[in-house]
Amino acid sequence: MSHELPKTYDPSAIEVRWAEYWINEKLFSVKTPEPGSDAAKLPVFTLLLPPPNVTGRLHMGHMLNQTEMDIIMRWRRMSGYLTLWVPGTDHAGIATQMMVERQLATEGVTRQNLGRDAFIERVWKWREHYGGAILGQMKRLGVSVDWDREYFTMDENLSRAVTEVFVRLHEQGLIYRGNYIVNWCPRCQTAISDLEVVHEDYAGKLYQIRYPVSGDHSQSLTIETTRPETMLGDTAVAVNPRDDRYKALHGKKLLLPLLNREIPIITDELADPEFGSGAVKVTPAHDPNDFQAGLRNNLLQINVMDEQARINENGGPYAGMDRYEAREKILHDLTQQGLLVGIKDHSYAIGKCDRCKTIVEPRLSTQWFIRIQPLADRAIEAVEKREIVFTPENYAKTYFEWMRNIHDWCISRQLWWGHRIPAWHCSACHHITVARTAPASCQQCGGSALVQENDVLDTWFSSALLPFTVFGWPEKTRDLDVFYPTQLLITGFDILFFWVARMIMMGCHFMADHPQGSVPFKEVYIHALVRDAERQKMSKVKGNVIDPIEVTEKYGTDAVRFMLASMASPGTDIAFSESRTDGYRAFANKIWNAARFMFMHLDRVGGVSITGGAPKDAQNNLENRWILSRLNHVAGTVNQSLTEYRFDEAANTVYSFFWGEFCDWYLEIIKPRLTGSETEARSALAFLGYVFEAALRLLSPFMPFITEEIWHAMYEGKPPSKSISLTRYPQCDPKALNNDAEQQMALIQELIVNIRNLRAELKVEPKEKTGVRIHAGADIEKLVNENRSMLERLANVDDTQFVPESLAKEKISRATAQFEVALVYEQKIDVAAETERLTKELNKNKPLLSGAEARLSNQQFLSKAPPHVVEGLKKQVEELRVVIERLQRRLDELK
RNA sequence: GGGCGGUUAGCUCAGCUGGUUAGAGCGCCUGCCUUACAAGCAGGAGGUCCACGGUUCGAGUCCGUGACCGCCCACCA
């Protein structure tokens, strides 16, 4: 048997294979543990995948999100948790319907041609063929989700739960139906919620229009409006009751221009005396504020637009025109009649449909709403009481801000694709029956001519329920007992209100009596945005979108994951860095080659098997004590960092450990032993294998593919378990920490670096060995003598002498506080270069010394600073004095 | 109109409760194809931490003001 690993690291060759293996072996599928079973005793860690749209394709945001989730889940799984990660897709009402309608359009068909049932059937077919491509992409990324539990928000069981929730909320008086101003998208031809409206600054105009007093055309009121076309629906003009200018007009009527309809002058707080003339037109059917004013004053509501925002029959001569066409015509007509008094520039925000960017029309229509306040109150409390904790913490503030100013949620959509509202209209008496299943007869009149509500629910209605519906709610299931609440939610801030806040409201409401708490998750980690290299937001329009699958294929999934993790510091956006990704591919390559190096020696010597335990005789040399101590330190740091979601810290720690310490120093140090006698090599390899295996486990959550590949190779195809992801994550063992070893090793490293420095300075040929003389304390002499071959090998030295006298006068020497070292080398030195270096060094150190001295002579500092700081500074001053004195003397000698 | 975040090396970012000489990756310069790795090794240069003021023995770190960049929320005609 030998340890098989191809010569070159080719990520694509290994990644697809392991991704498939993990799925086929069902490594991440979790069976619900039976009560009393061993599995039931494990701590549980549940995570819900934010369901991507069924129409979606993977983008960098998904990749970051999934990388972070996968790191946490692999780490928790390896740390002994029963780890369940539930994937699924969202039916994405509007998005999907648009997609299919577009497809129909190419066939020259509209959904109306097809009819509702046939259209929906068509959507299901579409989903079968094209939907969920994103899940395939996720599989390529190797995310450790439980594919056996994959859900779709329109699945039968989830749809039943949606109905149940709707009916219960209705029974509780938390869902109502009514005629209100809603945001209406004239293109999608449906109502949308406040959240689905995006506001954009718009440099518009303010039109001043004169409304003559009815019966007395010498008098008039001038109003200002940004939307003259809505005047067709005016049913009053308001002035402020305290506005003395208009007292004489109270109770009089105005003649609405163009339509010549009489409208009353009313007094209402709606009118701000400071704004314009102080008089404001009131259009209850087309403006939310006017709507409220209309209710207060019992005004007529005249809807002047149809569902496509064209002027309807109430618009007189303008009927049939588009709203903006009508605006132009109206302005033209007003000008002709001398009623357009002025036009001012006025910038304001206009609302656009989040989905199609059409300007939203506030429109009076009958919709279904959730009375949100009672749900919001509890959801606010849950975060206030830290039943749910946000990372970064300031998102809690954003959350409160929104929750405390929340409006009722319009949940009905005039679409076909989605959960149809479980309400039935009686044709006879118009009573509406809300029920779990189609009622046989009308609740009120007993009539049997019932028609189901046409509207469907907002997509976010069903996704708000997922934390409990995926576990079988409303049934009382074992899954709910075990897996609810989920531990963590990782998602982007863009859906904080759409999804996160609503899950909290619904979870708290419907799971109120759950023994483990009602909240749907205990922690929320909000991840940052992935931007392009120029820190621009990625967008299709700008054409700067980076396709994760493309870069994954170019650099390897492991490298892209590591890049994302290494930059994922909470609250900071990530500028996608191709060079950095390339750097992490180099890191993967480094790991690969380190493995090949080890395997080469394992195969040469034979008879060494990796057992996963530290060999007993491991501690009798410095480098082993050192690397073991470092490994444990690093394990401690990584575990701590991941607990705090410091992916960057965790990744950087394990990176510099593996490359900077394990490869650069440890492997170099043990090389002679590996090539020495077989006994010696076996002993070295046993320990090397132990450290390497632990390092692989440490790396595994970040780079699951390469670590899996090497880990299996390490065991020559006979690993102790099916996957490295099922082994235990390294923990910090305090007994393995060894400060002495770390300090001793640091000193030797410093010595070696200083010698290398001297050699570089003198341009000593790399192949040529030199002698060194060292002046230092007895303990250092002892340490160096014990590790002499290590020092000489790594510093390219053939003779090491300890001398009792100071080496300060030596031309070719370096010094630290602990030692002086000089090169035995006959070559002349470059006086100019050396002078420059020494001067620079001197100039750097002098101000440090004077600064430190000044502080030490400051009584305030001495009395107030903690002792260890004062001591540290004293020591520093001593060291600096020595160093500066030496530098000065060397400079003098060179002259 | 409210609220939030950022400004540290040429570039992208760390720097956790204030404490010895501010770090990393990439890029740059010098020298090495040293049989694990040139996707590498060794060495090096490079920063008045946006500005001003304050608190403190001590500020990249805390407070205030300003500048610049960015984000979110919002029914002022």
Can you tell me, in whole Å, how much space there is between the [atom1] of [N] and that of [M]?
| N | M | atom1 | answer |
| --- | --- | --- | --- |
| B:rA9 | B:rC50 | P | 8 Å |
| B:rG23 | B:rG46 | C1' | 14 Å |
| B:rC75 | B:rG18 | P | 41 Å |
| B:rU12 | B:rC28 | C1' | 16 Å |
| B:rG15 | B:rA22 | C1' | 8 Å |
| B:rC33 | B:rG47 | C1' | 35 Å |
| B:rU7 | B:rG60 | P | 15 Å |
| B:rC73 | B:rU21 | P | 45 Å |

*Would you say A:His346 reaches B:rC76's phosphate, i.e. side-chain N/O to OP1/OP2 under 4.0 Å?*
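Indeed not, no polar side-chain atom of A:His346 lies that close.
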
Value in whole Å for how far the [atom2] atom of [N] lies from [atom1] of [X]:
| X | N | atom1 | atom2 | value |
| --- | --- | --- | --- | --- |
| A:Phe498 | B:rC72 | CZ | C1' | 12 Å |
| A:Asp201 | B:rG1 | CG | C1' | 11 Å |
| A:Ile181 | B:rC75 | CD1 | P | 13 Å |
| A:Arg759 | B:rG44 | CZ | P | 14 Å |
| A:Asp408 | B:rC75 | CG | P | 14 Å |
| A:Asp354 | B:rC73 | CG | P | 9 Å |
| A:Phe657 | B:rG25 | CZ | C1' | 19 Å |
| A:Tyr399 | B:rC71 | OH | P | 26 Å |

*asked:* Quick check for you: among B:rC26, B:rU12, B:rA14, whose closest atom lies nearest to any side-chain atom of A:Ala575?
replied: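 Among the listed nucleotides, the one closest to the side chain of A:Ala575 is B:rU12.
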
*Counting side-chain heavy atoms from CB outward, which of B:rC75, B:rG25, B:rC73 is closest to A:Phe497?*
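Output: B:rC73.
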
*Would you check if the side chain of A:Ser277 reaches a backbone N or O of A:Thr222 as a donor-acceptor pair within less than 3.5 Å?*
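Yes: the side chain of A:Ser277 pairs with the backbone of A:Thr222.
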
_SB check A:Glu878 A:Lys875 (cutoff 4.0 Å)_ =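 Salt bridge: no.
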
Between the side chains of [X] and [Y], is a donor N or O closer than 3.5 angstrom to an acceptor N or O?
| X | Y | result |
| --- | --- | --- |
| A:Asp234 | A:Tyr211 | yes |
| A:Ser193 | A:Glu196 | yes |
| A:Tyr584 | A:Ser566 | yes |
| A:Asn858 | A:Arg855 | no |
| A:Ser12 | A:Asp10 | yes |

*Hey, mind stepping through A:Phe562 and A:Phe647 against ring-ring contact (aromatic ring centres under 6.0 Å, His included) and telling me if it holds?*
CA-CA 9 Å; A:Phe562 209 90; A:Phe647 298 97; over 10 Å; no

*asked:* Could you write out RNA chain B as dot-bracket? Rules: Watson-Crick or G-U wobble, both distances under 3.5 Å, brackets [ ] for crossings, | for pairs with another strand, dot for unpaired.
replied: (((((((..((((.....[...)))).(((((.......))))).....(((((..]....))))))))))))....

*asked:* If you go through the side-chain atoms of A:His199, does one of them form a donor-acceptor pair with the base of B:rC73 closer than 3.5 Å?
replied: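 Under the 3.5 Å cut-off, the side chain and the base do not form any donor-acceptor pair.
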
_Treating primed atoms plus P, OP1 and OP2 as sugar-phosphate and everything else as base, which nucleotides of nucleotides 30-43 of chain B get B, S or - for protein heavy atoms under 4.0 Å?_
---S--BB-BSSSS

*Can you give one letter per nucleotide of nucleotides 4-10 of chain B, 5' to 3': B if a protein heavy atom sits under 4.0 Å from the base, S if only from the sugar-phosphate, - if neither?*
S------

*asked:* Looking at A:Glu668, I'd like to know if its CD atom is crowded, meaning that more than 12 non-hydrogen atoms belonging to other residues, nucleotides or ligands lie closer than 6.0 Å.
replied: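 Above 12, so yes.
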
*For A:Tyr202, does the OH atom sit with more than 12 other heavy atoms under 6.0 Å from it, leaving out its own atoms?*
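No, the 6.0 Å shell around OH holds no more than 12 heavy atoms from other groups.
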
*Between A:Ser347 and A:Leu195, just flag the one whose closest nucleotide in RNA chain B comes earlier from the 5' side.*
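Residue closer to the 5' terminus by nearest nucleotide: A:Leu195.
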
*With sequence neighbours excluded, tell me which residues meet salt bridge (Lys or Arg N to Asp or Glu O under 4.0 Å) with A:Glu224.*
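Once residues adjacent in sequence are excluded, the partners of A:Glu224 under the salt bridge (Lys or Arg N to Asp or Glu O under 4.0 Å) criterion are A:Lys344.
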
*Sequence-distant partners of A:Glu269, salt bridge (Lys or Arg N to Asp or Glu O under 4.0 Å), two or more places apart*: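 A:Glu269: salt bridge (Lys or Arg N to Asp or Glu O under 4.0 Å) contacts with A:Arg242.
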
*Strictly under 6.0 Å, is that where the ring centroids of A:Phe658 and A:Phe692 end up?*
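Close enough - the centres of the two rings lie under 6.0 Å apart.
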
*Is the A:Tyr395 to A:Phe390 ring centre distance short of 6.0 Å?*
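When the ring centroids of A:Tyr395 and A:Phe390 are compared, they turn out to be at least 6.0 Å apart.
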
Does [X] reach a base, just sugar-phosphate, or nothing at all? Heavy atoms under 4.0 Å.
| X | value |
| --- | --- |
| A:Ser577 | nothing |
| A:Ala271 | base |
| A:Leu862 | nothing |

*Heavy-atom pair with the smallest gap, counting every atom of A:Leu5 and A:Ala713*: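 For A:Leu5 versus A:Ala713, the nearest heavy atoms are CD1-CB, 4.1 Å.
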
*With A:Val280, the side-chain contact (heavy atoms from CB on, under 4.5 Å) member among A:Asn240, A:Leu270, A:Ile223*: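 Output: one option passes, namely A:Leu270.
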
Between the protein and nucleotides 16-23 of chain B, list the N/O to N/O atom pairs that are separated by less than 3.5 angstrom.
{"unit_1": "B:rU20", "atom_1": "O2'", "unit_2": "A:Gln876", "atom_2": "OE1", "d": "2.5"}
{"unit_1": "B:rU20", "atom_1": "O2'", "unit_2": "A:Gln876", "atom_2": "NE2", "d": "2.8"}
{"unit_1": "B:rU21", "atom_1": "OP1", "unit_2": "A:Arg855", "atom_2": "NH2", "d": "3.4"}

